[in-house]
Amino acid sequence: MTIDLRSDTVTKPSKEMLEAMFSAEVGDDVFGDDPTVSVLETKAAEMFGMEAAIFCPSGTMTNQIALKAHLFSGAEVICDKYSHIYLYEGGGIASNSQSSVKLLDGEKGRITANQVKAAINNSEDIHLPLSTLVSLENTMNKGGGSIYDFSEIERIKSVCQENGLKLHLDGARLFNALVESPEEPKNYGQVFDSISICLSKGLGAPVGSLLLGNKDFIKKSRRIRKSFGGGWRQAGYLAAAGIYALDNNVDRLKLDHANAKTIGDILRKCSFVKDIMPIDTNIVIFELEEAWTNAEMLETLKAKGVLVVGFGPQLIRFVTHLDFTSEQLNLLEKVLTQIKK
Ligand SMILES: *Cc1c(COP(=O)(O)O)cnc(C)c1O
């Protein structure tokens with residue numbers, strides 16, 4: 001048995017999700033007449049109390065569309081140094097938006113309103129790029145799945161408003177944060193100018209992300225999506241999986257979080273573990289003792305059927321998801337507790 005904890009993207013559609021996909025009513029979404037895509041976009045927009053949404057193939061695309069829609073040549077986006085938009089999107093901020101980035105040194109990937117305030121350039125000084133956008137990530141992948149305190153987000157919003165900046169959320173794992181927080185999706189919709197959410201992470205859809213915003217923003221986004229080659233035809237089959245995911249797979253994320261905490265408890269007893277980041281959601285990042293290299297640990301685990309990823313020197317990441325069973329958890333405990341040098 002292979003235990004695949006490389007990411008929460010490795011899940012395969014369940015029988016019920018596949019049935020929803022097979023029976024979807026579809027049309028040509030580039031002509032705007034795929035009914036299932038429309039249902040999904042409307043559903044998501046309403047859920048967050050935002051005006052409109054656009055369904056796209058990936059979270060990288062929804063983020064990059066949002067950045068391009070907000071930014072312009074010579075603008076600057078402010079974000080944490082560990083942001084997905086900066087580290088893991090192929091340098092898209094430069095190539096797609098011709099913009100500069102100001103990286104902040106947050107706490108587990110979370111930046112504060114004071115840091116943002118101090119990072120805004122004087123727009124009268126022609127030497128400096130024009131501060132235009134702040135981008136947050138919640139949960140924060142490289143921060144070990146950490147969750148933003150919503151009151152800090154509100155303070156960041158105030159700083160943005162005072163200085164004429166827009167606020168974007170990379171919410172690839174926003175539902176992981178929502179199930180652990182008192183806030184509702186609509187609270188997020190009120191604060192952010194644009195929100196990207198992924199259906200293909202913890203929610204278990206095979207493909208797809210949504211970008212939310214006001215009508216004009218989404219209209220602009222539709223044009224950008226086309227230029228990125230992201231206009232798709234009978235996408236309703238995939239939208240049906242997304243609708244199924246939103247209806248059925250949100251609340252169960254808590255189980256992924258409980259599983260991640262259990263893995264943390266097991267790792268704490270293992271001799272090869274030096275330190276573990278706090279586990280707030282479905283991501284477990286731990287540091288290896290000096291006796292081990294990253295490559296050695298990845299190989300050792302792989303030989304025992306456990307797939308995970310290296311996340312920097314001496315760092316390993318496990319991500320729990322809906323295809324990770326209790327049987328796999330038991331087996332994982334056996335594997336981990338047997339690893340010794
Ligand atoms: C996965 C992820 C994305 C988008 O990834 P895609 O693989 O392009 O869908 C964006 N932001 C974060 C934080 C992610 O974890």
Side-chain angles (χ1 to χ4, degrees), residues 4-13 40 44 53-68 77 79-93 95-97 101 103 106 108-111 133-148 153 167-178 188 192 194-212 221 224-225 228-230 232 235 238-239 241-242 245 253 256-257 260 277 280-285 308-312 315 317-322:
D4 194 345
L5 299 174
R6 288 173 299 169
S7 175
D8 42 9
T9 54
V10 300
T11 57
K12 302 203 173 125
L40 173 64
I54 181 171
F55 182 44
C56 295
S58 72
T60 299
M61 190 182 283
T62 44
N63 278 334
Q64 289 298 318
I65 288 173
L67 293 167
K68 192 167 173 62
V77 52
C79 63
D80 182 81
K81 64 184 188 299
Y82 287 149
S83 301
H84 194 281
I85 59 161
Y86 171 69
L87 285 180
Y88 300 127
E89 298 188 3
I93 297 171
S95 57
N96 297 319
S97 302
V101 192
L103 297 176
K108 286 190 288 162
R110 295 167 300 189
I111 57 178
L133 178 70
V134 175
S135 182
L136 308 181
E137 190 176 311
N138 198 23
T139 64
M140 221 296 162
N141 176 29
K142 229 177 149 69
S146 57
I147 303 175
Y148 261 96
I153 294 179
L167 184 58
H168 172 70
L169 177 64
D170 176 355
R173 295 191 180 83
L174 179 55
F175 286 100
N176 295 83
L178 282 166
Y188 279 83
F192 287 93
S194 53
I195 299 178
S196 161
I197 54 170
C198 287
L199 303 166
S200 58
K201 294 263 162 91
L203 298 186
V207 175
S209 292
L210 286 151
L211 179 62
L212 318 174
S221 296
I224 298 169
R225 184 187 67 173
F228 282 179
W232 42 3
L238 296 167
L253 289 169
D256 297 346
H257 302 172
M277 284 182 82
D280 297 327
T281 52
N282 69 329
I283 297 177
V284 181
I285 298 176
V308 299
V309 299
F311 224 48
L315 292 181
R317 185 189 77 166
F318 289 30
V319 187
T320 57
H321 51 72
L322 86 170

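Both ligands and their constituent atoms are indexed starting at 1 by order of listing. Model, not experiment: these values are computed from the prediction. In this chain, numbering begins with 1 at the start of the sequence shown.
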Check your understanding: Out of Thr62, Val319, Ile283, Thr60, whose heavy atom sits nearest atom 7 (O) of ligand 1?
Key -> Thr60
Check your understanding: Counting heavy atoms only, which of Gly59, Cys198, Ser7 is nearest atom 6 (P) of ligand 1?
Key -> Gly59
Review point. Side chain, backbone, both or neither: which part of Lys201 comes within less than 4.0 Å of ligand 1 when only heavy atoms are counted?
Key: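 Answer for Lys201: side chain.
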Review point. Touching ligand 1 at all, Met140? Heavy atoms, strictly under 4.0 Å?
Key: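 Flag not set, Met140 not near ligand 1.
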No-hydrogen, no-angle side-chain donor-acceptor test under 3.5 Å, [X] and [Y]:
X	Y	result
Tyr188	Asn138	yes
His168	Ser135	no
Asn282	His321	no

Practice item. Ignoring angles and geometry beyond distance, decide whether Glu89 reaches within less than 3.5 Å of ligand 1 through its nitrogen or oxygen atoms. Key: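 No, since none of the N or O atoms of Glu89 sits under 3.5 Å from an N or O of ligand 1.
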Point to revise | Charged tip of Lys142 within 45° of Phe311 ring normal and under 6.0 Å | key: yes
Check your understanding: Just how far is it from atom CG of Leu210 to atom CD1 of Ile195, taken to the nearest 0.5 Å?
Key -> 11.0 Å
**Study point:** Steps toward side-chain contact (heavy atoms from CB on, under 4.5 Å) verdict (Cys79, Leu103)
**Key:** CA-CA 5 Å; Cys79 63; Leu103 297 176; 3.9 Å; yes
Practice item. Give the intermediate values and the outcome of side-chain contact (heavy atoms from CB on, under 4.5 Å) for residues Asp280 and Lys108. Key: CA-CA 11 Å; Asp280 297 327; Lys108 286 190 288 162; 3.8 Å; yes
Check your understanding: Which heavy atom of the protein is the closest neighbour of atom 11 (N) of ligand 1, given with residue, atom name and distance?
Key ->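 Nearest neighbour among protein heavy atoms for atom 11 (N) of ligand 1, to 0.1 Å: Asp170 OD2, 2.6 Å.
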Review point. To the nearest 0.1 Å, how far is atom 13 (C) of ligand 1 from its closest protein heavy atom, and which atom is that?
Key: Glu137 OE2, 3.1 Å
Exercise for review: Within a distance under 4.0 Å of any heavy atom of Asn63, pick out the atoms of ligand 1 and give their elements.
Suggested key: 10 (C), 11 (N)
Exercise for review: Give the atoms of ligand 1, by number and element, whose distance to some non-hydrogen atom of Ser58 is under 4.0 Å.
Suggested key: 8 (O), 9 (O)
